[in-house]
Amino acid sequence: MSNLERQCATSISTDCPEGSRQPVNQRIATRDAVLGAGMTIRRALPSRQRRMIGAWCFLDHFGPVDVSIGEGLRVGPHPHIGLQTVTWPLEGEIVHRDSLGYAQPIRPGQLNLMTAGRGISHSEESPGERPPGLHGAQLWIALPDADRHCEPAFDHYAELPVLQREGMAITVLLGEAFGERSPGRVFSPLVGLDLIAPGKAAMMVPLQAEFEYGALVLEGSVLLEGEPLAIGTFLYLGCGRTTLQLRTSAAARVLLIGGEPFGEEVLLWWNFVARTRAEIETARADWEAGRGFGEVRGYPGARLAAPQLPWAA
Ligand code: MN
């Protein structure tokens, strides 16, 4: 998806408090942003308090929203550089189209992983025939400096490892957990887990001490190490944990992301992950001139125009 804010601020990975080498419970309120007509999303990353969790640099929770009337989701063609996008629907269906020629519907349980590298453009839309509800998460992963100019790629994973533990269903979106590894290709050590409790449940999630972690509730509410967490709050957990106690009293769903602290200063603006303002200026100018990002075919609408830069170019 796209960052559709017209007043689009710059996010620098080092302009927030330093990540914690120790376990912490830092509560960060998500903020509402608008994703197209009528759809409000909750943005957990980046925030002023926390820009990244490992290489994870963007996290939106969208819906649930009724898309049975009107056009549904319509995010027109827009560019990306320097990142991977992760689309994780919980409910509904989305069609992805990109400048490599892919036109891929995605449904719950499936993962779309798009590697922008040096540049790609894509669109996302609700199909004409669709379920009434739309609900999900969109995440971005910053590419390390050595890989961020790679050739663009798109991968759709129709199936991911799903484990059952203590009555809970755990999907390994990316990385490895419980001895299961996601087929998704990533470029730095990280993990993404979706944990579903159908009701009252308790389990210990194994963590890696050298990773920092963050958690976002997608449905219901949970207790993480005794800390109550519900929709509207992102919980930064820091590094240094080997387990995370997860308890629920009713049906709930939580997204857990983690990774090695990224260690590179990252500059994020609009849909670009870069290192310098000059790179962002070039990418913006290329997109506005129709250069370098290919063409998305078949999207029923207009491409997105870049917002104004927040600095004088
Ligand atoms: Mn996008």
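When reading the values below, keep in mind they use all heavy atoms of this one structure, side chains included, and skip hydrogens, waters and symmetry mates.
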Looking at every non-hydrogen atom in both residues, tell me the closest pair between E71 and S126 and how far apart they are.
O-CB, 3.9 Å

CD of Q84 to CG of L113: how many Å apart, nearest 0.5 Å?
4.5 Å

pair F234-R42: side-chain heavy atoms closer than 4.5 Å:
no

Side chain to side chain donor-acceptor pair (under 3.5 Å) with E264: which residues, sequence neighbours excluded?
R275

Which residues share a side chain to side chain contact (heavy atoms under 4.5 Å, CB included) with E225, sequence neighbours left out
R241, L244, Q245

What residue pairs, at least two apart or across chains, pass salt bridge (charged side-chain N to carboxylate O under 4.0 Å, His left out) with a residue in residues 282-297?
D286-R291, E295-R297

Run the side chain to side chain contact (heavy atoms under 4.5 Å, CB included) test against R97 and tell me which residues pass, sequence neighbours left out.
V95, A103, S123, E125, V296, Y299

Mind checking the CD1-CD spacing from I120 to E151? Nearest 0.5 Å is all I need.
10.5 Å

Side chain to side chain contact (heavy atoms under 4.5 Å, CB included) partners for P161, two or more places apart:
V172, E180, P183

Which heavy atom in A116 sits nearest to a heavy atom in G82, and how many Å separate them?
CB-N, 4.2 Å

Short side-chain donor-acceptor distance under 3.5 Å, S13 and E265:
no

Side chains of residues 127-134: which donor-acceptor partners sit under 3.5 Å, not counting sequence neighbours?
from	atom 1	to	atom 2	distance (Å)
R130	NE	V67	O	2.7
R130	NH1	P127	O	2.9
R130	NH2	V67	O	2.8
R130	NH2	G70	O	2.8

Among residues two or more places apart or on two chains, list those pairs meeting salt bridge (charged side-chain N to carboxylate O under 4.0 Å, His left out) that have a residue in residues 51-61.
D15-R51, R43-D60

Applying salt bridge (Lys or Arg N to Asp or Glu O under 4.0 Å) between R107 and each of E159, E91, E93, report the one that passes.
E93

Considering all heavy atoms, the nearest G238-V24 contact
N-CG2, 3.7 Å

N112 and T85, any side-chain heavy atoms less than 4.5 Å apart:
no

Decide whether L73 and L304 are clustered together by the hydrophobic rule: side chain heavy atoms of Ile, Leu, Val, Met, Phe, Trp, Tyr closer than 4.5 Å, transitively.
yes

For G119 and P152, which heavy atoms make the closest approach, and how far apart are they?
O-CG, 3.3 Å

Could you list the donor-acceptor pairs under 3.5 angstrom formed by side chains in residues 186-209, with sequence neighbours left out?
from	atom 1	to	atom 2	distance (Å)
D194	OD1	R253	NE	3.1
D194	OD1	R253	NH2	3.3
D194	OD2	W88	NE1	2.9
D194	OD2	R253	NE	3.0
D194	OD2	R253	NH2	3.2

Other residues, nucleotides and ligands only: do more than 12 of their heavy atoms fall within 6.0 Å of CZ on R21?
no

Identify the heavy atoms of P310 and C8 that sit nearest to each other, and give their distance.
CG-O, 3.7 Å

Would a 4.5 Å heavy-atom cut-off, applied to side chains only, mark W287 and S121 as touching?
yes

Fit a plane to each ring of F272 and W270, take the angle between them on a 0 to 90° scale, and name the class: parallel (under 30°), tilted (30 to 60°) or perpendicular (over 60°).
perpendicular

Any non-hydrogen side-chain atom of L256 less than 4.5 Å from a side-chain atom of L246?
no

A278: partners by side chain to side chain contact (heavy atoms under 4.5 Å, CB included), with sequence neighbours left out
T276

L173 side chain near I257 side chain, heavy-atom distance below 4.5 Å
no

For residues 162-169, dump all side-chain donor-acceptor pairs below 3.5 Å to protein atoms at least two apart in sequence or in another chain.
none

pair V254-T248: side-chain heavy atoms closer than 4.5 Å:
no

Taking side-chain hydrogen bond (donor to acceptor under 3.5 Å, both in side chains) as the cut-off, I'd like each qualifying pair that reaches into residues 210-219, sequence neighbours left out, listed once.
E212-Y236

Validation row: L59, L255 side chains within 4.5 angstrom (heavy atoms):
yes

Student check: side-chain heavy atoms of L174 and I141 closer than 4.5 Å:
yes

Any pair with a residue in residues 90-120 that passes ring-ring contact (aromatic ring centres under 6.0 Å, His included), sequence neighbours left out, goes on the list, sorted by first then second residue, please.
H96-H122, H96-F154, Y102-F154

Test: R277 cationic atom under 6.0 Å from W269 six-membered ring centre, within 45° of axis:
no

